[in-house]
Amino acid sequence: MIDISRRLENGVPTWPGDTAFSYEVSWSKEQSGSVNVGKLTMSIHTGTHIDSPFHFDNNGRKVMDLDLQLYIGPARVIDVSGKSSVGAEDLAEYDLEGVTRLLLRTSSWSKPDEFPSEITYLRADLAPFLEEKGIRLIGVDVPSVDPLDSKELVAHHGLHACDIHILEGLSLDHAQPGDYELIALPLPLAEADGSPVRAVLRPYTPWKRS
Ligand SMILES: Nc1ccccc1C(=O)C[C@H](N)C(=O)O
Ligand SMILES: [Zn+2]
Ligand SMILES: [Zn+2]
């Protein structure tokens, strides 16, 4: 199993100005008499997480309304590193027939201990291209599918319009391009605009009848 999640610990990089990550034992074993009880404070868009449409659309669906099936199942990892952005023409060379979940290894977040200043982003023509191929989930190894300074969030909205779900902040350094089973389930957060996920890849072996 390959862990493609970023570690969550105090000091982990967050969006500039966003809530810092903090874990602390707020009620110690000595105080409670029986157990250590932790307290977590974080922005949902820290580390490896999914966006729900409410993140960028006030009328959009919340995490609980999302189809869980999309976050578990066959996925393909492809390497697009070295590109400043990715559009339909960059993926034309790949055979994406039958792919539902596509993870893009951009390798553009080179210093994991710092929030990046520039990342590979997705161009507007990518979403319709992916939709045409039948892709329902896109994953990236950067904090956003749009440029970091974007206010319009063209890629977020475009993917949403094509009913393609967004998984961000993956760590794909150790995931060689190929086919896997992805597991990246969101938490049952009733009202949330996204959720942290523990994302893993398992070798993909199509189930066979013996
Ligand atoms: N947390 C933020 C704080 C300020 C400005 C943007 C963000 C984002 O989260 C943007 C990005 N679309 C994201 O889904 O991660
Ligand atoms: Zn996000
Ligand atoms: Zn996002």
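Counting convention: from 1, in listed order, for ligands and their atoms alike. Each residue takes its place number in the sequence, starting with 1.
The distance from atom CD1 of Ile78 to atom CG of Leu172, rounded to the nearest 0.5 Å, is 11.0 Å. The structure places OH of Tyr23 at 13.0 Å from CG of Leu8, a figure rounded to the nearest 0.5 Å.
For the residue pair Val154 and Ala124, the shortest heavy atom distance occurs at CG1-CB, 3.7 Å. Looking at every heavy atom in both residues, Thr14 comes nearest to Phe21 through CG2-N, 4.2 Å.
Under the 3.5 Å distance criterion, with hydrogens and angles disregarded, no donor-acceptor pair is assigned to the side chains of Ser144 and Asp146.
The number of protein N, O or S atoms lying under 2.8 Å from the Zn ion (ligand 3) is 4.
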Applying side chain to side chain donor-acceptor pair (under 3.5 Å), run through Arg61 and Ser52 and close with a yes or a no.
CA-CA 6 Å; Arg61 281 173 297 157; Ser52 71; over 6 Å; no
Chi angles and distances behind the side-chain contact (heavy atoms from CB on, under 4.5 Å) call for Leu103, Asp141
CA-CA 8 Å; Leu103 308 184; Asp141 57 358; over 6 Å; no
From CA spacing to verdict: side-chain contact (heavy atoms from CB on, under 4.5 Å), Leu185, Leu68
CA-CA 7 Å; Leu185 292 168; Leu68 271 187; 3.9 Å; yes
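Of the options His165, His45, His49, a ring-ring contact (aromatic ring centres under 6.0 Å, His included) to His55 is made by His45 and by none of the others.
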Is there any protein N/O under 3.5 Å from an N/O of ligand 1, and what does the full list of such pairs look like?
unit_1   : atom_1 : unit_2 : atom_2 : d
ligand 1 : 1 (N)  : Asp18  : OD2    : 2.8
ligand 1 : 9 (O)  : His55  : NE2    : 3.4
ligand 1 : 12 (N) : His55  : NE2    : 3.3
ligand 1 : 12 (N) : His156 : NE2    : 3.0
ligand 1 : 14 (O) : His45  : ND1    : 3.3
ligand 1 : 14 (O) : Asp51  : OD1    : 3.2
ligand 1 : 14 (O) : Asp51  : OD2    : 3.0
ligand 1 : 14 (O) : His55  : NE2    : 2.8
ligand 1 : 14 (O) : Glu168 : OE1    : 2.9
ligand 1 : 15 (O) : Trp15  : NE1    : 3.3
ligand 1 : 15 (O) : Pro143 : O      : 3.0
ligand 1 : 15 (O) : Glu168 : OE1    : 3.2

